[in-house]
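Residue numbers begin at 1 in each chain, while the letters A, B, ... track the order of the sequences.
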2 protein chains.
Amino acid sequence: MESATAVAKLNGAKQITCNYCLARKSCLISTLNTNENSELSSLINHEKPMMKGQRLFLQGDNFQSLYLIRSGCFKSCIVDESGERQVTGFHFSTDILGIDGIDSRKYTCEVEALETSSVCSLDFDCFKDSSLKTNQKVYNRLLCAVSCMMFRESHLMMVLGKMKAEQRLAHFLLDISQRMHDRGESAHEFRLSMARYDIANYLGLAVETVSRLFKRLEEQGLIVANRHRVRLMDMDGLHYVIAGGYLDRRVEKPLPLTAAG
Amino acid sequence: MESATAVAKLNGAKQITCNYCLARKSCLISTLNTNENSELSSLINHEKPMMKGQRLFLQGDNFQSLYLIRSGCFKSCIVDESGERQVTGFHFSTDILGIDGIDSRKYTCEVEALETSSVCSLDFDCFKDSSLKTNQKVYNRLLCAVSCMMFRESHLMMVLGKMKAEQRLAHFLLDISQRMHDRGESAHEFRLSMARYDIANYLGLAVETVSRLFKRLEEQGLIVANRHRVRLMDMDGLHYVIAGGYLDRRVEKPLPLTAAG
DNA sequence: CGACAAATTGACCCAGATCAAGGACGGTGG
DNA sequence: CCACCGTCCTTGATCTGGGTCAATTTGTCG
């Protein structure tokens with residue numbers, strides 16, 4: 001309910017510096033920020049933490065800032081006329097939010113914190129002017145980030161367009177795993193902050209199906225899942241599932257030997 | 001088969017100028033190009049026309065240029081390990097191709113002409129340096145174009161994730177219609193250069209389903225379709241279908257009047 | 001005109017949606 | 001600390017949209 005850009009306005013949290021930011025090593029602008037205390041750093045607003053369920057901005061809000069995720073987890077979704085939501089992505093530390101608003105000057109999706117999270121905001125116009133004038137490397141990094149997101153999205157189309165339910169979930173898990181790894185966390189065990197409902201919506205499946213699939217992957221010995229905690233036991237196996245491998249293996253029930261054998 | 005960046009190298013077609021380009025009015029750099037004969041214009045390479053089936057670049061090719069579509073129609077797709085293709089988009093005049101390669105310096109999808117088409121190429125590094133130094137408006141327009149593409153893609157997720165087959169096709173037709181309109185062509189009647197197979201793949205459906213759906217939409221009096229030629233008869237009706245409206249109306253068979261009426 | 005690819009149409013069936021009940025958690029208040 | 005409640009998750013039973021297989025039909029191009 002807590003609307004949107006409101007967050008951007010209650011800036012009194014300026015005491016936080018980039019120096020201890022966990023996302024610093026792969027932040028859009030951190031590298032420059034540490035070396036030369038450039039004028040860019042004055043554009044960064046360290047917002048105060050957001051609670052689970054709070055929205056960073058709503059679809060249709062006026063675009064003003066880009067947001068860099070410092071910690072936590074967000075989901076983005078678009079809402080159609082009838083109010084139906086489609087989850088379009090999950091976002092972790094160092095991801096950039098709000099790029100969709102650059103062209104239309106309105107955010108075209110809404111973003112919600114899935115757990116206690118924090119972001120830095122970056123007034124886009126100031127950022128643009130400043131980075132174009134004084135530090136073009138930063139502007140380039142933005143473009144690279146975008147290019148990278150497009151790569152991710154096109155692969156998601158493969159998932160939604162061509163894969164079966166079990167493959168979709170396996171892909172989803174490996175994708176999260178990879179992103180965790182990229183952030184220096186364990187690729188084998190992590191927390192899934194999002195609800196089953198969100199995963200289902202994101203993958204274009206019913207919640208019940210997702211639930212059954214978690215069970216099935218577990219029966220196949222590929223993962224161990226308990227609510228939000230997930231451990232990947234057999235990454236190769238998961239890759240094999242995506243490639244169309246054993247679609248119905250049960251680990252504990254090998255086929256009984258028969259006389260025919 | 002005709003590989004890739006090869007096209008970029010056979011540049012002897014420099015005699016073509018932007019002045020008569022059909023895509024000029026909404027080209028990434030045309031506006032500047034006409035006013036001041038900026039140094040940007042020297043970076044634009046008017047490639048010679050491509051034949052149907054020819055590839056602009058392949059997945060994995062080294063990234064060097066962005067391409068602006070002058071005329072024609074392209075499809076982009078990604079290829080997985082097993083060689084399966086997923087169509088990720090269709091592209092018309094003024095669209096920009098190759099953005100996906102900026103980050104990784106490799107094109108991450110392949111692009112193929114669906115009919116005789118032509119493009120301009122733009123060496124990205126030169127373009128970047130030049131536009132950052134002398135004309136930042138252009139660089140901004142690139143970012144806007146990207147932002148715009150992301151908007152399109154997120155909506156596509158809605159289509160693939162939540163919609164039923166008939167809704168997907170209706171959405172697809174209206175999307176093409178809108179883009180034709182944006183380019184100054186008829187929104188009500190146009191040519192679909194892509195094969196049914198490509199549409200099916202793009203929408204995550206079977207070819208047979210697409211075929212049946214074209215028929216169904218025709219029976220409902222919403223469109224008239226003959227192979228590659230399509231006329232939208234009832235745009236509101238199509239919107240209604242997307243919203244979940246009449247899922248099985250037959251136009252020529254109204255319910256017979258009964259005594260109960 | 002013949003041959004090959006694209007599109008259509010029909011018949012059948014299964015993955016996954018939907019409907020309907022529980023069960024397990026997490027937060028709140030006593 | 002426990003009891004209550006609402007929400008999220010799981011599990012089972014049933015139904016159906018659309019995938020798959022197979023057979024024509026229609027274009028298209030040499």
Taking for each residue the nucleotide of DNA chain D with the nearest heavy atom, is it B:Arg212 or B:Lys52 whose nucleotide lies nearer the 5' end? B:Arg212
Sequence-distant partners of A:Phe151, ring-ring contact (aromatic ring centres under 6.0 Å, His included), two or more places apart: A:His155
Please determine whether side chain to side chain donor-acceptor pair (under 3.5 Å) holds for the pair B:Ser71 and B:Ser93, giving the CA-CA distance in whole Å, both sets of side-chain angles, and the decisive distance to 0.1 Å. CA-CA 5 Å; B:Ser71 67; B:Ser93 62; over 6 Å; no
Using chain A heavy atoms and a threshold of under 4.0 Å, write down where along DNA chain D the contacts begin and end, 5' to 3'. D:dC9 to D:dA13
Are B:Leu169 and B:Leu203 packed together at the side-chain level, in the sense that at least one heavy-atom pair is separated by less than 4.5 angstrom? yes
So if I take the C1' atoms of five pairs at each end of the helix from C:dC1-D:dG30 to C:dG30-D:dC1 and get each local axis, what angle do the two axes make, rounded to 10 degrees? 50°
Closest-nucleotide 5' rank along DNA chain C - winner of A:Arg227 and B:Tyr197: B:Tyr197
The complete set of salt bridge (charged side-chain N to carboxylate O under 4.0 Å, His left out) pairs with one or both residues in residues 168-180 of chain B, sequence neighbours excluded, reads B:Asp95-B:Arg179, B:Arg152-B:Asp175, B:Asp175-B:Arg179
Heavy atoms within less than 4.0 Å of DNA chain D: which residues of residues 201-210 of chain B have one? Give them sorted by number. B:Gly204, B:Leu205, B:Ala206, B:Glu208, B:Thr209
Please list, chain by chain and in numerical order, all residues satisfying salt bridge (charged side-chain N to carboxylate O under 4.0 Å, His left out) with A:Lys162, sequence neighbours excluded. B:Glu84
Distance under 6.0 Å and angle within 45° of the ring axis: does B:Arg55 meet both against B:Phe74? no
With sequence neighbours excluded, tell me which residues meet side chain to side chain donor-acceptor pair (under 3.5 Å) with A:Asp100. A:Thr108
What does A:Phe214 touch in the nucleic acid at a heavy-atom separation under 4.0 angstrom: a base, only the sugar-phosphate, or nothing? nothing
Span of DNA chain C engaged by chain A, first through last nucleotide within the 4.0 Å heavy-atom cut-off, is C:dG16 to C:dA24
Which residues satisfy the salt bridge (charged side-chain N to carboxylate O under 4.0 Å, His left out) test with B:Glu208, sequence neighbours excluded? none
Residues in salt bridge (charged side-chain N to carboxylate O under 4.0 Å, His left out) with B:Lys215, at least two apart? none
Output, in order, the C-alpha distance, side-chain angles, deciding distance and verdict of side-chain contact (heavy atoms from CB on, under 4.5 Å) for B:His181 and B:Gln178. CA-CA 5 Å; B:His181 181 71; B:Gln178 176 65 50; 4.2 Å; yes
Please table the atom pairs, donor to acceptor, closer than 3.5 Å between any side-chain atom in residues 223-233 of chain A and protein atoms at least two apart or in another chain.
| residue | atom | partner | partner atom | Å |
| --- | --- | --- | --- | --- |
| A:His228 | ND1 | A:Leu192 | O | 2.5 |
| A:Arg231 | NH2 | A:Glu189 | OE1 | 2.9 |

Derivation of the salt bridge (Lys or Arg N to Asp or Glu O under 4.0 Å) call for A:Glu115 and A:Lys52: CA-CA 4 Å; A:Glu115 59 187 34; A:Lys52 173 177 176 173; over 6 Å; no
Pairing residues for B:His171 by the ring-ring contact (aromatic ring centres under 6.0 Å, His included) criterion, not counting sequence neighbours: none
